[in-house]
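Since the structure comes first, as structure tokens, the remarks are kept for the end.
Both ligands and their constituent atoms are indexed starting at 1 by order of listing.
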Amino acid sequence: MTLSIRRAKATDLPVILALLEGSGMYTTSVTLAGDVTYLLAESGGEVIGVLGLEHGQGASLLRSFTLRPDVRGRGWSSALLDHAYALLRERGDQLVYLFSADGGEFWRHQGYRPVPPHELAAALPGTPQVRSAVEVGWLTDSLAWRWSLA
Ligand SMILES: CC(C)(COP(=O)(O)OP(=O)(O)OC[C@H]1O[C@@H](n2cnc3c(N)ncnc32)[C@H](O)[C@@H]1OP(=O)(O)O)[C@@H](O)C(=O)NCCC(=O)NCCS
């Protein structure tokens, strides 16, 4: 089975939400409107993975990253991450931030380091997920991570 990666279109929102729900992930504030890029991974004619990027100035927020359970463990997560990082370098970003829903072991393994959530919020104040965190009130209790693209 081969993997291909493409940018999502507005009409892909339902399939993105279904994938995230299938992985037990939050869908609050997921939007394809504004300065965001969602990447879709496809195999066998089906969408089997998603990775969202919400852009700021010199930095972007990575979110909503999942592969369908039956295609995990094949190295495809690295292909999706590498595609995202190439795109972020092209736009001139230096830093990638994200919130982890769990303890973040996957992200630590990827080279990310924990940062105070308020650093993330200050770096990317206009992004949908940060705005939601502030409005709903979970920012202070969140776990935030940073990785340098340099
Ligand atoms: C996160 C996710 C996309 C990774 O895809 P995957 O196919 O399971 O990942 P892979 O098996 O290709 O593993 C990639 C690397 O991460 C490591 N890894 C995988 N899960 C890990 C974990 N829980 N903790 C630490 N390292 C982990 C693997 O050992 C591998 O390391 P290597 O490149 O040094 O060999 C997938 O597990 C998933 O959809 N999980 C549910 C949603 C989620 O947690 N998303 C992330 C938060 S937004």
Side-chain angles (χ1 to χ4, degrees), residues 1-8 12-56 59-89 93 95-121 123-150:
M1 294 285 256
T2 56
L3 179 77
S4 60
I5 297 172
R6 68 171 173 88
R7 289 189 192 214
D12 291 314
L13 187 59
V15 75
I16 291 172
L17 296 179
L19 263 177
L20 295 175
E21 281 158 12
S23 291
M25 294 172 75
Y26 294 110
T27 55
T28 315
S29 81
V30 171
T31 176
L32 297 182
D35 195 7
V36 304
T37 308
Y38 274 72
L39 298 175
L40 295 184
E42 292 179 321
S43 182
E46 292 180 31
V47 176
I48 50 84
V50 61
L51 183 158
L53 299 167
E54 297 180 350
H55 305 299
S60 290
L61 180 72
L62 193 161
R63 66 170 300 176
S64 303
F65 176 42
T66 192
L67 288 176
R68 217 170 59 188
D70 59 300
V71 301
R72 291 179 193 168
R74 302 180 182 188
W76 287 359
S77 64
S78 305
L80 208 39
L81 282 172
D82 287 348
H83 196 103
Y85 295 153
L87 193 149
L88 297 181
R89 286 192 177 96
D93 283 353
L95 295 173
V96 188
Y97 286 94
L98 58 85
F99 293 110
S100 65
D102 59 15
E105 290 75 18
F106 177 83
W107 297 110
R108 193 182 292 278
H109 183 79
Q110 297 293 326
Y112 284 74
R113 292 295 168 252
V115 290
H118 289 91
E119 176 188 322
L120 185 162
L124 293 158
T127 54
Q129 197 175 28
V130 168
R131 292 165 74 113
S132 174
V134 171
E135 279 163 27
V136 178
W138 55 264
L139 178 71
T140 304
D141 298 326
S142 65
L143 285 178
W145 299 82
R146 184 187 67 207
W147 189 67
S148 172
L149 286 158

**Request:** Please identify each residue that fulfils ring pair (Phe, Tyr, Trp, His ring centres under 6.0 Å) with W107, with sequence neighbours left out.
**Result:** F65, Y112
**Request:** Please list, by chain and number, the protein residues whose heavy atoms come under 4.0 Å of ligand 1.
**Result:** M25, F65, T66, L67, R72, G73, G75, S77, E105, F106, W107, H109, Q110
**Message:** Can you give me the closest heavy-atom contact between V47 and R68, atom names plus distance?
**Reply:** O-NH1, 4.2 Å
Give the table of side-chain donor-acceptor pairs shorter than 3.5 Å for residues 13-26, with sequence neighbours excluded, one pair per line with atom names and distance.
unit_1 : atom_1 : unit_2 : atom_2 : d
S23    : OG     : T66    : OG1    : 2.6
S23    : OG     : R72    : NH2    : 3.1

**Asked** Got a sec, which residues hit side chain to side chain donor-acceptor pair (under 3.5 Å) with S29, two or more places apart in sequence or on another chain?
**Response** R63
**Request:** Could you tell me whether W147 and Y85 have their ring centroids closer than 6.0 angstrom?
**Result:** yes
**Message:** Any carboxylate oxygen within less than 4.0 angstrom of a Lys/Arg side-chain nitrogen, looking at D12 and R6?
**Reply:** yes
